[in-house]
Every structure is written in C-alpha cells, then in structure tokens.
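Below is one structure; the comments refer to it alone.
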Amino acid sequence: FGYDTGVISGAMLPMKRAFDLTPEEQEVVVSSTVLAAFLSSLVGGTLNQAWGRKTCCLVSAAIFFLGSLLLWCAWDVPSLVVGRVVVGAGIGLASLTTPIYIAEMAVPHWRGTLVTVNTFLVTFGQFFAGMVDGILDQIWPQSGWRYMLGLGALPAVIMYVGFLPLPESPRWLVLRGRNEEALQVLQRYRMTDDDAEEEIGEIRQSMQTEQQRATTEQQQQQQQQRTDVEQQALPDGPPKPPTDPLQQQPDSSDTTASSASPTMDETDLIEDATITSMDDEPIPNQQHEEETTLQRIFGMLNDKPTRRALVLGCGLMLVQQFSGINTVMYYAASIYEMSQFDETTAVWLSGFTALALALGVGGSIYLVDRTGRRRLVLLSLAAVTVSLFGLGLSFYLARVWSEPVVKVIGDDCQAQPGAMVWSGETEYCYDCTQLPGCGFCGGHCVAGDENGPFDLNLCPPAGLGGADAEHDKNQIKWVYKACANPAGDLSVFFMVAYLFAFGIGMGGMPWTITSEIYPLRYRSLAVSCSTATNWIGNLVVAATFLSISSPQVLTAYGAFWLYALVALAGYVWLYFCLPETKGLSLEEIEALFAHDHHGSGQRHKNAYSGYNFVGESDTSYENDDDSDGRDELSMPPFAAMGSSGDEEDDINLETKQ
C-alpha cells in the first residue's frame, strides 16, 4: 500500500519524458489509481461482511501483485493507466480492511498504537519508494520507472505470505455466529481465558443491546404511524391536548427511555446470558445478514448513533485529504521543480521529505495512547495550517526574489494567458520560465528551449559574460524551466515541517478513529463509506492539483494557501465535534455515540441499558483518572456545557449499581 502510493512521485518525471505526458495525462495517471481505490473501497464493505477481514487482505495482496506486473510491462499511456487502476483496486480494499482487522484484534490499551503502526508502515513504504526512485533514476535514467513500478510486486508477496498464518477477526466470527472460533482466537491473543470470555460477552451484549434499541425504535415508528392514521380518521380531527396539568400525557422522552432501556434485573440477565452462552447459535441481531446492501445502507443512515459517527468519520477523512497531503505524496518531485530545483535534485528531495511524514507518524505511535486521539488531531492541524501558509509564502518569495525581467521579446513570452488571480504579466525570471517555450537570459525573456534561445542575438551582451563577447551558446547564461531561487531552502523547510506536522496527528489518527467509532453491526459498511470518502477527496486533490497550481489558475502559492484555509476550518470544526476515545473498548465507544452529548471523551456508560461497561460500580466519573485535568484540547466545549445534569444522574445511577 505505502510503496504503491509513494512510488509515483519519483517515477512521474521519467515517465513524463518517456511518454511525453501532458499535465492532464499526468493527472489521469495519478488519479486513475485513486478512482479505482475509491470504487474498491465502496464495495469493500460488502466484501468484508461476506468474506471476512483476513480473506479481503489476501485478495488485496494478490491484486497488488497483478497490478505491479502490468505496470512493469506498460508500453503506452493506456496500458499504464490500466496497471494503475488494478493497483488502485488493491489499495482501496487494503486501506479499508487492515485498520478494521487491527482494531478488532487488539486489546483497548494497544489498539490506537497498533492501528497507528499500520499507518507508520504505510508512510515508511512511501519513503522507501522515494529512495528506490532516486537510485533507479540514477542507474537507468530512461527506463528506471519500469523497475520503480514493477518492484511493487515484492511487498505484495510479503503481505500475502504474512497474512496466511493469521486468524480471522473474532468480532467478525461472532457476527457470523461462530462464537467458539471467536473464543479460541481471543484465548490465543489475550492474557487469560477469563479476559477472552469477558470480551466475547461484551461483544455479544453490545450486539443484543443494539438489536433491542433498533427494534424499539422501529416499534415506536410503527406505533406513531398507526396513531397518526387513527387521528386523521376521526371526524373532528386529532384531539386537542388537555389543559389540566394533571391530565397531561407523560413526557414522550421518558416513555422512550423506559421502553428502550431494560431494567437492572433485565440487564443482569442479558449479561449472564451473553457471557455464559457460548454455543454457535446466532444472536438476535444477526438477522441483518439476510438484508440486502441497500437495506443495510438505509438502516445505517436511519440509526442516529451510527449516523453521528459516520458524519464525524467522513468529515475527518475530508479534512485529511483537502489539507493537501497527497499533492505532496504524488507530486513532491513536481513541486520541487516548481520551486526551481533541477530534476535529479527534485527526485531525491521528494524521497527524503517523505521521511518526515514517517517520523511524524512514528512519533504518534508513542503518543496516541498517552496523549489521546483528539489532542493529536488538533495540534497536528494547527501546525499543518502554519506550515501550509509558510509553504505558500516560500513559493511567492521564489517568484518576487527571482531576477526581474527588463525586456520581453516575442508575443508568446509577454504574459500568462487567462491568469485568474494575478496580472499574468512577465515581471520576473520565475514568470518567464513558467511560460512554455520561453527562457531567461540577462534580464530578457525570449523564446527558446532547453538547448538555448532560438536566436542568440536576443540575449544582451551582459548575459554573455562581457560587452565584447561573441554570441556563443556555450557562453550564454541561459535559464530554462528553473531560475535561481533564494527561497529554495525555505520551501524545503516548510515542506518537511508540513509532512512532520501532518504525520504526528492527521496522518494516522483519522484511520485510527474511524476504525473505532462504528458499531459492529454496521462497522464494515460504515468504514467502507469513510474510506470511500477519503479516496474521493484524494481523487479530487490528485486530479486538480496541477491545474489549480498552474500560473493560469491559483498559482502554486495560491493552491497551498487554499489548503491551509481548509486545515484551519477543519481545526475549528473538530475542536467542537471530536470526542476522545483513548482507553475505551470498541463496545464502550459504540455506547458513547448513543449519547446526545457524546464529545466529552469520558468513560461513558451504555446509553441504552444503563449498564456500566467500565465495571467500576463503586466509582463516579469524578474519580476516573481519565477525567482529571482535562483542558480545551481534551474535551469539546459543547460536551462540557450540555451534560452537567445528565452526568449527575449517571453518577447517581452508577453509585447505586
């Protein structure tokens, strides 16, 4: 996954030479993989539900292998695109399945770390691909791109062989009614058999509670529909509400709460039944397996807790993509060329800057289960915003600090046609070299190519090394495509800072969070939706970056400032909406999203039954270690403002229990 997404950055420049690719064709080569990943992630949820997590990982590895072979043998642009599409299908399925598998296999206090390790290995694969690009471009400048793309078959083989001895996800096995197999898996990967049996009980109870709540909501909707029909059938219309307070009907929310939540005795019976019943009979909510995909989609969207989690998960993925990360991962070498570095330097820089992302994600491995998901996301987005503004500034300074143009010769070098956000006039060397077929010499912008100006007499003597110098190509100070850039080091600094800041939070946390927040009943489908959202955002960015960063549209600095504004908006939204899930089991997180105020990040109890998932029956929230010393980054403001009364009731209930 990491190698296949990272290799295209360094391979793009030699491929552009080999196939004479236009900017539009480059975008097609890159975005075809992203489009295939998007489509693959859409169907991946259904495949995960039907085949299981392990099988889907094996299938994705086989697809990677096939796609890499096709890219090795590509002979023209269409065959290149076909190979990239096949690789994209494997990427989409792997990006969806591996976080689910890891999250469902891991114990709660290691879950965030292990899912983030997966992201770290993806970014390390991208860095490794950059190093391979640099080496092979030096050895085979003309055909090295084939080996860059074809070597993706090697990690595919390693992935396939590595997954063969691994077990299936225990939660998927429970979902299929194979409880004994699930228990055997957990006994193998938990400290004690008691831990395994307790976890199986929690999984089954969570599924039963979800089914009870869904059934209650469905019955209430049907009852409300029957009541509406009966009232409309009355000759005088629906009855007026009584004016006497003693005759008023009970509050509907109380009725709902009492009907939706079993009593404490019922809860105890549910707990006993789920922990002690370990046969392979499907539990009630497995009836959804007989539903069609469309029915499951409507069920997921009509389920309020799942819908809340889905909005958060999909929104988090959009913020990740629209803050511009894959412009850097796919077009890093091209970006460095825009910053006036030569091709060889740009290829090597693109590889080494990918290391900054890997180091950032590596840091998040240590911090995720200590600092928490929410704080890492917010700190990351703040630093990403600053870095993107700085990166855009470095491109702007590269333009205005380049040598000024004294004279423009030729109509084609006068101005950028159709410039949207600036005058388009050729004022600096940077502007001149951005025009096709134009170069810079001695303060003049004239027509030419990489070999020199078309007319030697167009360059002034000052550009030739002296007033009496002869017009000799070997003496001309000819600048084509890349001017001297005093701000080049600034571009490298902010590029590295951006990637490190992104890696520390936004690189891995969206995948970690979306692997945690969805209920088991809809987990495959919901992760499929959030992953598809990620890839559609990726597609939009990959398919538009070269266009919007062109001098005719937003320019390079304008494009990065746009991404900075998206990151800033994402920070504001997530500050108010993102809860903390550190240290909670998947079943506790599922209960967290059932609350109207679900952002506090405290250890929530199951909103449906009043059962305390944490099991601290004699401890209130005030005594919970995770609730002490929280600041603005660990608790969204709306949660603190809106939950005091409900929390007091919960504390009293927990003390009674």
Side-chain angles (χ1 to χ4, degrees), residues 44-46 48-49 52-53 96-97 99-106 108 111 115 169-177 182 199-218 260-262 270 274 282-291 293 295-316 373 511-531 533 578-579 581 584-596 598-599 603-611 613-614:
T46 301
N48 266 267
Q49 189 77 8
R53 319 321 189 198
L96 160 71
T97 308
I100 298 178
Y101 181 81
I102 295 170
E104 292 184 345
M105 288 291 297
R111 186 180 61 246
V115 175
S169 162
R171 284 171 171 81
W172 182 82
L173 293 172
V174 171
L175 195 65
R176 308 296 290 189
E199 188 165 339
I200 286 289
E202 289 183 356
I203 296 170
R204 289 170 58 83
Q205 184 208 344
S206 173
M207 295 172 65
Q208 287 179 328
T209 305
E210 167 68 16
Q211 177 63 24
Q212 291 171 354
R213 187 189 56 78
T215 301
T216 301
E217 289 182 355
Q218 183 179 9
S261 302
I270 291 173
T274 55
I283 61 179
N285 82 330
Q286 286 174 327
Q287 66 187 26
H288 74 275
E289 293 174 7
E290 300 175 359
E291 298 174 342
T293 300
Q295 288 173 325
R296 293 182 62 232
I297 291 174
F298 280 113
M300 177 181 68
L301 296 178
N302 287 327
D303 184 70
K304 185 181 293 186
T306 307
R307 189 167 64 244
R308 288 172 180 157
L310 195 62
V311 170
L312 175 64
C314 292
L316 192 58
R373 287 77 156 138
W511 298 103
T512 300
I513 293 169
T514 54
S515 69
E516 299 174 330
I517 60 178
Y518 302 125
L520 179 57
R521 173 174 180 171
Y522 297 115
R523 185 168 297 148
S524 296
L525 187 59
V527 174
S528 175
C529 290
S530 58
T531 304
T533 303
L578 180 62
T581 59
L584 302 178
S585 72
L586 295 178
E587 288 66 44
E588 289 173 318
I589 296 171
E590 179 180 340
L592 186 154
F593 278 88
H595 288 262
D596 289 335
H598 58 275
R603 293 181 181 270
H604 287 74
K605 296 179 289 297
N606 190 319
Y608 313 137
S609 65
Y611 179 79
F613 272 112
V614 184

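Index from 1, following the sequence. Since the model is a prediction, treat every value here as computed from it, not as a measurement.
For Arg307 (side chain) and Leu301 (main-chain N/O), a donor-acceptor pair under 3.5 Å exists by modelled atom type. Formation of a donor-acceptor pair under 3.5 Å by the Asp303 side chain with backbone atoms of Gly299 is not found in this model. Ser530 places a side-chain N or O within donor-acceptor distance of the main-chain N or O of Val527, the cut-off being under 3.5 Å. Proximity of a side-chain donor or acceptor of Trp172 to a complementary backbone N or O of Glu104 within less than 3.5 Å is not detected.
Nearest heavy-atom pair, Pro99 versus Ser515, reported as atom, atom and distance to 0.1 Å: O-CB, 3.6 Å. Residue Met105 comes nearest to Ser169 through the heavy atom pair SD-CA, 4.1 Å, listed as atom of the first residue, atom of the second, then distance. Scanning all heavy atoms of the two residues, the minimum distance from Ile513 to Leu316 falls at CD1-CD2, 3.8 Å. Nearest heavy-atom pair across Ala526 and Leu310 is O-CD1, 3.8 Å. Residues Ser524 and Ile100 come closest through the heavy atom pair CA-CD1, 4.4 Å. Of all heavy-atom pairs spanning Ala103 and Leu586, the tightest one is O-CD1, 3.8 Å.
By the 4.5 Å heavy-atom criterion applied to side chains, Ser528 and Asn48 are not counted as neighbours. By the 4.5 Å heavy-atom criterion applied to side chains, Gln49 and Leu525 are not counted as neighbours. For the pair Met300 and Cys529, the minimum side-chain heavy-atom distance is below 4.5 Å. Residues Pro519 and Phe593 fail the side-chain proximity criterion, which asks for heavy atoms closer than 4.5 Å.
Annotation: the span from Glu590 atom CD to Ile203 atom CD1 amounts to 11.0 Å, rounded to 0.5 Å. To the nearest 0.5 angstrom, Ile102 atom CD1 is 12.5 Å from Arg53 atom CZ. We find the CD-CG distance between Gln295 and Asn302 to be 12.0 Å, quoted to the nearest 0.5 Å.
Contact check on Arg171 versus Glu199 returns a salt bridge, with a Lys/Arg side-chain nitrogen under 4.0 Å from an Asp/Glu carboxylate oxygen.
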If you apply the rule side-chain contact (heavy atoms from CB on, under 4.5 Å), what do you find for Trp511 with Thr531, and how did you get there?
CA-CA 9 Å; Trp511 298 103; Thr531 304; 4.0 Å; yes
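Side chains of Arg111 and Thr512: no donor on one and acceptor on the other come within 3.5 Å.
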